[in-house]
Amino acid sequence: MTAAATATAPPRLETGTPRRGVLGKIVDRLGSGIVQVVMVVLGLFWLVPTLGLLVVSMRTTKVNNAEGWWTIFTKPAELTIENYKNLLSGGFTASFWNTVLITVPTTILVIGIAAMAAYAFAWMDFPGRDAAFLVVVGLLIVPIQIALIPVATLYGNAGIFGSIPGVVLFHVAFGLPFAIFLLRNFFVGIPASLLEAARMDGAPEWKIFASVVFPLGKPAIASLGIFQFLWVWNDMLIALVFANTDNQPMTKYLQSQMRQFGSNVDILSSGAFLSLIIPLILFFAFQRYFVQGMMAGSVK
């Protein structure tokens, strides 16, 4: 090849890693250490309201009305546990156990029924399967408010209005559509070869569900369990309508402590902080499965 031909030849395109821009180079130089520090700072920033709630719950109403919670750093002697003593000596303890009796059975029933129904919709052939699944999906858009009066009338005729089982049944009925939809979409991603191998070994459908599908679906089931638990634990609308005074959960009890001309800050702040403990314990206990479920759902 002559020198003239070499000079006029188009430049060769280099293959391999694409050239990084200025922003990409800056990100590379920052390193993961600085990113982690920023994430920690952001996490601490989001914890500030929780810290403020804790401080307010451990001070008297007079002090809270006179100054902000941040003054506790210069006046730590203002902290007291009298608010918690007064709260636990009242009706809060009973409402706490009512909340547990409502939330735990609801979460277990929703997960159990939804998991079996999702397996049927994903891997079993039966007449009207697609039509039934479309009905389940359509129930996702049904507002809870339109069912309050009809269900209240039905509960009154059945004699369960105001009882804990009535509240549980309502939560289960309206929690199943989303739960079935979520788990079905996760179960269809399980390799069919695993199920076929189990069927060739003579395993019945219930054993395939219990030994293959359910263990593989733990991340999605854990994510659903956390969401369902939090929805029921923090619910107040259903409690206001279907729970009487003897069976009221914490949300209804705390709402009843509102004064006519102001909030009962000492009761509300301590009660709100105590209501955070169980959800936090649940989240940190299952956070590994929760993250796995969120990541699995992001790629399917």
Side-chain angles (χ1 to χ4, degrees), residues 99-142 144 165 167-235 238 277-300:
T99 305
V100 173
L101 293 176
I102 292 172
T103 306
V104 174
T106 298
T107 305
I108 294 175
L109 288 173
V110 168
I111 291 177
I113 298 173
M116 291 185 288
Y119 172 74
F121 283 125
W123 293 108
M124 296 178 64
D125 291 327
F126 56 89
R129 183 186 68 173
D130 295 336
F133 184 70
L134 289 178
V135 172
V136 172
V137 174
L139 291 175
L140 290 172
I141 64 175
V142 177
I144 293 179
V167 180
V168 171
L169 287 176
F170 193 97
H171 281 298
V172 170
F174 277 87
L176 280 176
F178 175 77
I180 294 174
F181 176 77
L182 177 67
L183 293 183
R184 184 263 179 189
N185 291 342
F186 186 88
F187 287 168
V188 295
I190 297 176
S193 58
L194 296 177
L195 280 70
E196 292 299 330
R199 291 192 178 99
M200 292 179 63
D201 291 338
E205 293 295 336
W206 67 266
K207 191 171 183 179
I208 296 174
F209 168 76
S211 60
V212 178
V213 176
F214 195 86
L216 292 176
K218 281 183 179 180
I221 293 172
S223 300
L224 172 64
I226 292 174
F227 283 123
Q228 184 65 41
F229 187 94
L230 293 178
W231 289 335
V232 181
W233 186 271
N234 296 322
D235 171 75
I238 309 306
I277 295 177
I278 300 299
L280 286 177
I281 294 175
L282 178 72
F283 179 80
F284 286 114
F286 294 96
Q287 63 174 334
R288 178 168 62 92
Y289 294 108
F290 179 77
V291 173
Q292 292 177 0
M294 296 296 291
M295 294 299 294
S298 65
V299 297
K300 291 188 178 182

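For this chain, numbers begin at 1 and follow the sequence in order.
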Could you pull out every donor-acceptor pair under 3.5 Å between side chains of residues 129-138 and any protein atom, sequence neighbours left out?
residue: R129; atom: NH1; partner: M124; partner atom: O; Å: 3.0
residue: R129; atom: NH1; partner: D125; partner atom: OD1; Å: 3.4

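Scanning all heavy atoms of the two residues, the minimum distance from V110 to A179 falls at CG1-CB, 3.7 Å. Closest heavy-atom contact between R184 and A118: N-CB, 3.4 Å. The minimum heavy-atom distance linking T107 with G225 is given by the pair CG2-O, 3.8 Å. The two residues A198 and I208 make their nearest non-hydrogen contact at CB-CG1, 3.8 Å. Minimum interatomic distance between A210 and P215 (heavy atoms only, all atoms of both residues): O-CD, 3.3 Å. Contact between V188 and A122 at its shortest, heavy atoms only, is CG1-CB, 3.6 Å.
Inter-residue side-chain proximity for I102 and D235 is flagged as unmet; no heavy-atom pair is nearer than 4.5 Å. Looking at F187 and F214, their side chains never come closer than 4.5 Å, going by heavy atoms from C-beta outward. Residues Y119 and L195 meet the side-chain proximity criterion, which asks for heavy atoms closer than 4.5 Å. The closest side-chain heavy-atom distance from F229 to I278 is below 4.5 Å.
In this structure, the separation between CG on L282 and CH2 on W233 is 9.5 Å, given to the nearest 0.5 Å. Taking CD of Q228 as the reference point, atom CD1 of I221 lies at 13.5 Å (rounded to 0.5 Å). Here the CD1 atom belonging to I108 is positioned 11.5 Å from the CD1 atom belonging to I113, to the nearest 0.5 angstrom.
F178 and W231 have their aromatic ring centers within a separation under 6.0 angstrom.
Within 6.0 Å of the CD1 atom in I141, the count of heavy atoms belonging to other residues, nucleotides or ligands does not exceed 12.
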Take L194 and L216 through the side-chain contact (heavy atoms from CB on, under 4.5 Å) test and state the conclusion after the steps.
CA-CA 11 Å; L194 296 177; L216 292 176; 3.7 Å; yes
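Judged by distance alone, with hydrogens and angles left aside, the side-chain atoms of W123 form no donor-acceptor pair with the main-chain N or O of F209 at under 3.5 Å. Put simply, the side chain of N185 gets close to the backbone of F181: a donor and an acceptor are under 3.5 Å apart.
Sorted by first and then second residue, the pairs that involve residues 203-214 and meet salt bridge (Lys or Arg N to Asp or Glu O under 4.0 Å), not counting sequence neighbours, are R199-E205.
When the options I238, V232, T106, L101 are evaluated for a side-chain contact (heavy atoms from CB on, under 4.5 Å) with V167, the one that passes is I238.
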